[in-house]
Q: 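I have a structure I would like to understand better, so I am pasting it below and will then ask my questions one at a time.
Both ligands and their constituent atoms are indexed starting at 1 by order of listing. The first residue in the sequence is number 1, and the count goes up from there. Just so it is clear, the model here is predicted, and its values are computed rather than measured.
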Amino acid sequence: MDQMHVEGDLDLDQTLYSEAEIVTRLKEMATQIESDYEGKDLLLVGVLKGAVMVMADLARSLDRHVEMDWMAVSSYGSGTQSSGVVRILKDLDTDLSGRHVLIVEDIIDTGLTLSWLITNLRSRGPASVEIATLLRKPEAQRMDVDVKYVGFDIPNAFVVGYGLDYDERYRNLRCIGTLSPHVYS
Ligand code: PRP
C-alpha cells in the first residue's frame, strides 16, 4: 500500500525513505555482497516477520545463486521496546556446518535480538556469520554487534513500513516512515 492509503494520512509524521530509495540502497548493498562472497556459497537467513520485504528485494538484487532460510524469534517485551530475552519460534531448516551465513534484518534497534542471534548461529559451526540490515538505530552501536552491511542509520524514532509494523499493521506500506506518537501513545 502507498502512503495515501494510510488511514487519515495522519498516522505517519514523515516519510524517511521511499520505495525507490530503499531498492536503490539494497542494490548497492547487493553489489558489495556479491564482491565479498565471490566464489563462496551463500545462505541468506531472514528473520521473520519484519525482514520479508528486505529479503525479497535484496535477494532479487543479487546476480548470483543464494539459498534462503528463515527464523522466527520473539523478544519478550511490550509495545515499542524489546527486552533482550529471545526465544526461537521457528528454527532454520538448514544445517549451518561450513556455511557462509548472512543474516538479513529489517532493523537493529537496541541490538539485543541480533546480539543473541549471532551468538546462537555461530555456535552451529558455520564458516562465517555476518549481518545485513536495512536500518540501524544509534542505540545498536552501544551493543557489541558487528554489522557488516547497513542500509541506513536512522534517528531514534518509531518507524513503520516495508516490513516494519506497529501492532502488526503498516508492514505492507511501500515506504518507511515515522509513526505519529498519537498512534501508539
Ligand atoms: C524487530 C526486528 C528485529 C528486532 C530488532 O523484530 O525485525 O528482529 O525487532 O530489535 P532490537 O535490536 O531492539 O532487538 P520484532 O521483534 O518487532 O518482530 P517482527 O520482525 O516480527 O516485527
Side-chain angles (χ1 to χ4, degrees), residues 1 6 11-13 16-17 19 22-23 25-26 29 33 43-59 68-94 96 101-124 126 129-181 183-185:
M1 91 180 154
V6 174
D11 288 1
L12 293 188
D13 264 348
L16 286 182
Y17 301 105
E19 183 181 25
I22 295 165
V23 170
R25 183 70 188 113
L26 288 174
M29 292 166 72
I33 291 166
L43 173 66
L44 302 179
V45 169
V47 185
L48 297 168
K49 306 173 191 164
V52 167
M53 311 300 179
V54 181
M55 179 73 120
D57 283 334
L58 180 66
M68 286 179 257
D69 202 348
W70 300 91
M71 278 187 87
V73 299
S74 170
S75 80
Y76 291 99
S78 61
T80 59
Q81 290 290 317
S82 64
S83 66
V85 181
V86 177
R87 75 187 159 117
I88 296 174
L89 302 178
K90 184 224 170 286
D91 208 340
L92 298 171
D93 299 327
T94 313
L96 298 190
V101 176
L102 183 59
I103 301 170
V104 177
E105 262 288 22
D106 51 338
I107 189 166
I108 302 182
D109 190 340
T110 63
L112 292 166
T113 305
L114 263 291
S115 174
W116 178 89
L117 190 58
I118 203 161
T119 302
N120 181 288
L121 297 190
R122 279 182 176 152
S123 73
R124 305 184 191 195
V129 182
E130 301 290 352
I131 299 169
T133 185
L134 179 61
L135 305 176
R136 180 175 63 180
K137 283 189 178 177
E139 279 73 8
Q141 292 166 17
R142 286 196 224 141
M143 291 294 299
D144 186 21
V145 186
D146 186 17
V147 186
K148 192 160 186 184
Y149 308 99
V150 179
F152 304 106
D153 279 313
I154 61 167
N156 194 20
F158 197 90
V159 292
V160 294
Y162 202 76
L164 291 145
D165 76 308
Y166 172 66
D167 201 16
E168 297 301 329
R169 301 178 76 195
Y170 306 99
R171 290 194 199 275
N172 61 324
L173 186 63
R174 291 182 183 276
C175 67
I176 292 171
T178 53
L179 197 61
S180 298
V183 178
Y184 57 86
S185 59

Q: Looking at Asp144, I'd like to know if its CG atom is crowded, meaning that more than 12 non-hydrogen atoms belonging to other residues, nucleotides or ligands lie closer than 6.0 Å.
A: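 No, CG of Asp144 has 12 or fewer neighbouring heavy atoms, counting only those of other groups under 6.0 Å.
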
Q: Quick one, Arg25 with Asp57, criterion salt bridge (Lys or Arg N to Asp or Glu O under 4.0 Å). Give me CA distance, side-chain angles, the key distance, then yes/no.
A: CA-CA 10 Å; Arg25 183 70 188 113; Asp57 283 334; over 6 Å; no

Q: Hey, are Tyr162 and Asn172 close enough side-chain-wise for a donor-acceptor pair under 3.5 Å?
A: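 Not at all, the side chains of Asn172 and Tyr162 share no donor-acceptor pair under 3.5 Å.
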
Q: Is the shortest distance from a heavy atom of Glu139 to ligand 1 less than 4.0 Å?
A: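 No, Glu139 has no heavy atom closer than 4.0 Å to ligand 1.
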
Q: Against heavy atoms of Ile107, which atoms of ligand 1 measure under 4.0 Å?
A: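 Atoms satisfying the 4.0 Å criterion: 2 (C), 3 (C), 5 (C).
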
Q: Considering only heavy atoms of Asp165, which atoms of ligand 1 have at least one such atom less than 4.0 Å away?
A: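 In order of numbering, the contacting atoms are 22 (O).
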
Q: Heavy-atom contacts with Leu48 under 4.0 Å: which atoms of ligand 1 show up? List them by number with element.
A: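 Heavy-atom distances to Leu48 below 4.0 Å select 20 (O), 21 (O).
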
Q: For Ile108 and Gly111, work out which heavy atoms get closest and say how close.
A: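 Answer, listing the atom of Ile108 first, then Gly111: CG2-CA, 3.5 Å.
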
Q: Any idea which part of Leu114 is under 4.0 Å from ligand 1, heavy-atom wise: side chain, backbone, both or neither?
A: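 It is neither part, as no heavy atom is under 4.0 Å.
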
Q: Distance under 4.0 Å to a non-hydrogen atom of Lys49: what atoms of ligand 1 satisfy this?
A: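 So the answer, numbered in order with elements, is 19 (P), 20 (O), 21 (O).
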
Q: Can you tell if the side chain of Leu26 reaches within under 4.5 Å of the side chain of Met29, non-hydrogen atoms only?
A: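 The answer is yes, as the side chains (C-beta and beyond) meet within the 4.5 Å cut-off.
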
Q: Taking 4.0 angstrom as the limit and counting only heavy atoms of Thr110, give me the atoms of ligand 1 inside it, by number and element.
A: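 Near Thr110, the atoms of ligand 1 are 11 (P), 12 (O), 13 (O), 14 (O).
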
Q: Specify side chain, backbone, both or neither for Arg171, according to which of its non-hydrogen atoms lie closer than 4.0 Å to ligand 1.
A: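 Only the side chain of Arg171 comes within reach of ligand 1.
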
Q: With sequence neighbours excluded, tell me which residues meet ring pair (Phe, Tyr, Trp, His ring centres under 6.0 Å) with Tyr17.
A: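 Tyr17: ring pair (Phe, Tyr, Trp, His ring centres under 6.0 Å) contacts with Phe152.
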
Q: Suppose we screen for salt bridge (charged side-chain N to carboxylate O under 4.0 Å, His left out). Which residues come up paired with Arg136, at least two apart in sequence or across chains?
A: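 Partners of Arg136 by the salt bridge (charged side-chain N to carboxylate O under 4.0 Å, His left out) criterion, ordered by chain and then number, come out as Asp153.
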
Q: Look only at interatomic distance and state if Gly111 has a nitrogen or oxygen under 3.5 Å from any nitrogen or oxygen of ligand 1.
A: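 By distance alone, the answer is yes.
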
Q: Taking the minimum heavy-atom distance to atom 7 (O) of ligand 1, which of Thr113, Leu164, Asp106 ranks first?
A: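 Going through Thr113, Leu164, Asp106 one by one, Asp106 has the nearest heavy atom to atom 7 (O) of ligand 1.
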
